[in-house]
Amino acid sequence: MIVEEVVPPILQVEHDIAGWDIRLIPEGLHIYVHRPLYTHHGIYIGDGKAIHFVGPKAGPTRACKKCGFSRNTGHGVVETCLECFLDGGFLCRYNYNVPRMILSITSHTMCPNCTTTERSKSGSEIVETAKEKLKEGFGKYNLLSNNCEHFATFCSTGTAFSQQVKHTAALAASPLLPPAPLLLMFYRNNI
């Protein structure tokens, strides 16, 4: 028998914003989309566009007709249309300043898309930081120490961190999953 956890609505942390009217999505929102075994993060900059940090194997092989993004146009910090960011997935928001009490009571204890860290910048400051990094770069992409979530959390808080990496490390230590080297090989080949 499967017992589902019943969490009072006041303690639920909302991630799914796929149904939101795009005109109501605030500029500077840290967004993400689910991919097989990981989430891809970026900053919504308004007008149906996102700035995000991608590895060399990211993007479609043919250039997007709307924004021109493709795997051949480069990698690093890129500005794309929201459709290219989502790549067929559903839009979600990353949650900052989630009280520890909620994280300890709900299933979000190990949520890779929630943090108790406070978002310390305004939406316009976050967009400005993302645009600066679009010009300057964000260093070399590294799955464990400098990935898309590090970029988005840096833009939002001034400190680069990845809850997803912490979450994956905890899962990789689990005896029920494939050994960590196999997980890393999957990530390297698919990001």
Side-chain angles (χ1 to χ4, degrees), residues 12-96 98 107-108 110-115 117 119 123 126-127 129-131 133-134 138 141-157 160-168 171 183-184 186-191:
Q12 292 179 354
V13 180
E14 185 65 35
H15 292 283
D16 182 8
I17 60 173
W20 285 16
D21 182 330
I22 196 164
R23 295 170 297 186
L24 300 178
I25 298 173
E27 292 181 4
L29 187 67
H30 177 161
I31 56 175
Y32 71 92
V33 60
H34 288 280
R35 303 266 192 264
L37 293 180
Y38 72 99
T39 54
H40 180 61
H41 297 253
I43 301 297
Y44 183 72
I45 62 167
D47 199 26
K49 296 178 183 173
I51 295 178
H52 45 120
F53 188 44
V54 298
K57 295 179 182 174
T61 52
R62 298 180 121 175
C64 172
K65 291 180 181 179
K66 191 171 184 179
C67 69
F69 177 62
S70 80
R71 155 179 327 182
N72 301 324
T73 58
H75 57 279
V77 180
V78 297
E79 180 179 323
T80 68
C81 63
L82 202 51
E83 290 81 4
C84 282
F85 174 81
L86 293 172
D87 193 23
F90 296 101
L91 187 61
C92 297
R93 74 170 172 209
Y94 191 92
N95 291 290
Y96 287 92
V98 177
S107 59
H108 290 85
M110 289 294 290
C111 179
N113 300 302
C114 287
T115 182
T117 303
R119 193 178 97 153
I126 293 168
V127 170
T129 301
K131 287 182 177 182
K133 293 303 171 189
L134 181 62
F138 194 65
Y141 188 93
N142 180 291
L143 175 67
L144 299 176
S145 62
N146 199 39
N147 64 36
C148 59
E149 186 179 2
H150 288 98
F151 168 77
T153 57
F154 176 81
C155 291
S156 299
T157 69
F161 61 90
S162 175
Q163 293 295 102
Q164 183 174 210
V165 168
K166 290 177 189 175
H167 181 73
T168 303
L171 287 176
L183 289 173
L184 285 175
F186 172 83
Y187 278 119
R188 284 190 187 119
N189 291 331
N190 291 290
I191 296 180

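Note: hydrogens, waters and symmetry copies are ignored here, and every other heavy atom, side chains too, is used.
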Sub-4.5 Å side-chain heavy-atom contact between K66 and E83: yes

L91 vs I31 side-chain heavy atoms within contact, under 4.5 Å: yes

Atom of C64, atom of C81 and distance for their closest heavy-atom approach: SG-SG, 3.8 Å

Closest non-hydrogen atom pair, P26 against W20: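 Smallest heavy-atom distance, with atoms named: CD-CZ3, 4.2 Å.
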
Sole candidate of L29, I43, T129, T117 that passes side chain to side chain contact (heavy atoms under 4.5 Å, CB included) when paired with S156: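 With S156 as partner, L29, I43, T129, T117 yield a single side chain to side chain contact (heavy atoms under 4.5 Å, CB included), made by I43.
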
Test item: side-chain donor near acceptor, Q163 and Y94, under 3.5 Å: no

Partners meeting side chain to side chain contact (heavy atoms under 4.5 Å, CB included) with N142 (sequence neighbours left out):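 Scan of N142 (side chain to side chain contact (heavy atoms under 4.5 Å, CB included), adjacent residues dropped) gives L144, S145, N146.
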
Measure the spacing between [atom1] of [X] and [atom2] of [Y] and express it to the nearest 0.5 Å.
{"X": "T39", "Y": "Q164", "atom1": "OG1", "atom2": "CD", "result": "3.5 Å"}
{"X": "I45", "Y": "L82", "atom1": "CD1", "atom2": "CG", "result": "10.5 Å"}
{"X": "Y44", "Y": "F85", "atom1": "OH", "atom2": "CZ", "result": "12.0 Å"}

Ring centers of F151, H41 separated by less than 6.0 Å: no

Under 3.5 Å, is there a donor-acceptor pair between the side chain of [X] and the main chain of [Y]?
{"X": "S162", "Y": "E149", "result": "no"}
{"X": "D47", "Y": "K49", "result": "no"}
{"X": "T157", "Y": "F154", "result": "no"}

F161, CZ: over 12 other non-hydrogen atoms inside 6.0 angstrom: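 Counting neighbours around CZ of F161, more than 12 heavy atoms of other residues, nucleotides or ligands fall under 6.0 Å, so yes.
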
Sole residue of R35, H34, H52 in side chain to side chain donor-acceptor pair (under 3.5 Å) with H40: H52

Side chain to side chain contact (heavy atoms under 4.5 Å, CB included) evaluation trace for H150 with F138: CA-CA 10 Å; H150 288 98; F138 194 65; 4.2 Å; yes

Verdict with supporting geometry, K133 and I51, side chain to side chain contact (heavy atoms under 4.5 Å, CB included): CA-CA 9 Å; K133 293 303 171 189; I51 295 178; over 6 Å; no

